[in-house]
Amino acid sequence: MISYLWAESHNHIIGANGTLPWHLPADMKYFKENTIHQIILAGRTTYESFKRPLPNRLNMVLTSQSKDEFPDDVVVFHEVDEFLKFAKKFSDKEIFVVGGAKIFEELMPYVDKLYRTVIDYDFKGDTKMPSINYDDFTLETVKQGHVDDKNIYPHRFEIYKRKD
């Protein structure tokens with residue numbers, strides 16, 4: 001199963017200069033809870049924003065860069081078809097695609113589930129989430145995030161499943 005996991009602002013921004021334009025610890029916790037002991041796929045820029053392979057996960061990158069640019073324990077793909085062939089071996093597992101925009105756009109026909117954090121604030125940034133036809137998905141759950149002194153932006157966690 002291929003799932004997307006991302007956070008976006010009210011105006012659909014997902015990045016600014018290779019980083020997140022907000023600080024929202026609740027979303028970082030949500031990301032970790034969902035991806036720990038799982039498989040993640042990122043584009044090069046998203047992967048580089050982690051600074052290192054994320055622990056306790058199988059880290060995969062879809063990039064045009066050489067495999068030599070990445071640590072040995074990172075699985076590198078150069079083509080979407082190469083990743084999809086690999087993903088079939090893990091049909092009993094959930095593979096989380098975690099960004100960026102180009103990867104989300106390329107894998108849109110193959111995504112089964114969406115884990116979206118919506119931040120109810122308009123941020124400035126240089127990367128927007130590609131359009132998703134939500135008519136193809138059913139909203140399964142919505143959980144309101146708690147606003148406090150560390151999580152200052154109103155936010156919610158939504159999970160969608162592709163309709164059969």
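Values reported hereafter were calculated over all heavy atoms of this structure, with side chains retained and with hydrogens, waters and symmetry mates removed. Since this is a predicted model, take the numbers as computed values, not measurements.
Heavy atoms of other residues, nucleotides or ligands lying less than 6.0 angstrom from OH of Tyr121 number 12 at most. Around the CG atom of Asp164, the shell of radius 6.0 Å holds no more than 12 heavy atoms that belong to other residues, nucleotides or ligands. Environment of CG in Asp72: sparse, with no more than 12 heavy atoms of neighbouring residues, nucleotides or ligands closer than 6.0 Å. The 12-atom threshold is not exceeded at NZ of Lys124, counting heavy atoms of other residues, nucleotides or ligands nearer than 6.0 Å.
Under the 4.5 Å side-chain criterion, counting only non-hydrogen atoms from C-beta, Glu158 is not in contact with Leu114. A 4.5 Å side-chain heavy-atom check between Lys143 and Ile159 finds every atom pair outside the cut-off. Side-chain contact between Ile132 and Phe104 is absent, with no heavy atoms from C-beta onward closer than 4.5 Å. For the pair Asp73/Asn59, no side-chain contact is recorded, criterion being any heavy-atom separation below 4.5 Å from C-beta on.
For the ring pair (Phe, Tyr, Trp, His ring centres under 6.0 Å) criterion with Phe77, the lone passing option out of Tyr47, Phe70, Phe83 is Phe83.
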Residues 5-14, side-chain donor-acceptor partners within the protein, below 3.5 Å, at least two apart:
unit_1, atom_1, unit_2, atom_2, d
Trp6, NE1, Glu8, OE1, 2.7
Glu8, OE2, His12, ND1, 2.7
Ser9, OG, Asn11, OD1, 2.4
Ser9, OG, Ile13, N, 3.0
His10, ND1, Asp122, OD1, 3.3
Asn11, OD1, Phe123, N, 3.2
Asn11, ND2, Phe123, O, 2.8

Result block: side-chain N/O donor-acceptor pairs under 3.5 angstrom for residues 16-27, not counting sequence neighbours:
unit_1, atom_1, unit_2, atom_2, d
Thr19, OG1, Ala16, O, 3.0
Asp27, OD1, Thr117, OG1, 2.7

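To the nearest 0.5 Å, atoms OG (Ser3) and NZ (Lys93) are separated by 12.5 Å. Rounding to the nearest 0.5 Å places CD of Glu69 at 8.5 Å from CD of Glu48. Summarising the geometry, atom NZ belonging to Lys161 is positioned 13.5 Å from atom CG belonging to Leu139; distances are rounded to the nearest 0.5 Å. Rounding to the nearest 0.5 angstrom, the gap separating the OH atom in Tyr4 from the CD1 atom in Ile95 is 12.5 Å. Note that the CG atom of Asn56 and the CD atom of Gln38 stand 11.5 Å from one another [nearest 0.5 Å].
Among pairs with a residue in residues 125-141, those fulfilling side chain to side chain donor-acceptor pair (under 3.5 Å) read Arg116-Tyr134, at least two apart in sequence or across chains. The salt bridge (charged side-chain N to carboxylate O under 4.0 Å, His left out) contacts involving residues 52-67 comprise nothing, where partners must be two or more places apart or lie in separate chains. Residue pairs satisfying the side chain to side chain donor-acceptor pair (under 3.5 Å) criterion with at least one member in residues 99-111, sequence neighbours excluded, are absent.
Under a hydrophobic clustering in which Ile, Leu, Val, Met, Phe, Trp and Tyr are joined whenever their side-chain heavy atoms come within less than 4.5 Å, directly or via other members, Leu41 and Tyr30 fall into different clusters. Hydrophobic clustering (side-chain heavy atoms under 4.5 Å, transitive across Ile, Leu, Val, Met, Phe, Trp, Tyr) groups Tyr160 together with Val142. The hydrophobic clustering, which links ILVMFWY residues whose side-chain heavy atoms are closer than 4.5 Å, places Leu54 and Val74 together. The same ILVMFWY cluster, assembled from side-chain heavy atoms under 4.5 Å apart, contains both Ile103 and Val111. Side-chain heavy atoms closer than 4.5 Å link hydrophobic residues (I, L, V, M, F, W, Y) into clusters, and following such links, even through other members, never connects Val97 to Ile40.
Clustering of Ile, Leu, Val, Met, Phe, Trp and Tyr by side-chain heavy atoms under 4.5 Å joins Met1 with none of the others.
A distance-only check finds a donor-acceptor pair linking the side chain of His78 to the backbone of Gln65 [under 3.5 Å]. Judged by distance alone, the side chain of Arg44 and the main-chain N or O of Val61 form no donor-acceptor pair under 3.5 Å.
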Criterion side-chain hydrogen bond (donor to acceptor under 3.5 Å, both in side chains) on Glu94 and Tyr115, from CA distance to verdict: CA-CA 12 Å; Glu94 194 165 9; Tyr115 294 76; 2.8 Å; yes

Verdict with reasoning, Ile2 to Leu84, per side chain to side chain contact (heavy atoms under 4.5 Å, CB included): CA-CA 9 Å; Ile2 297 174; Leu84 292 172; 3.8 Å; yes

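Of all heavy-atom pairs spanning Asp112 and Phe137, the tightest one is O-CE2, 4.2 Å.
Ring geometry for Phe50 versus Phe31: interplanar angle of 30 to 60°, hence tilted.
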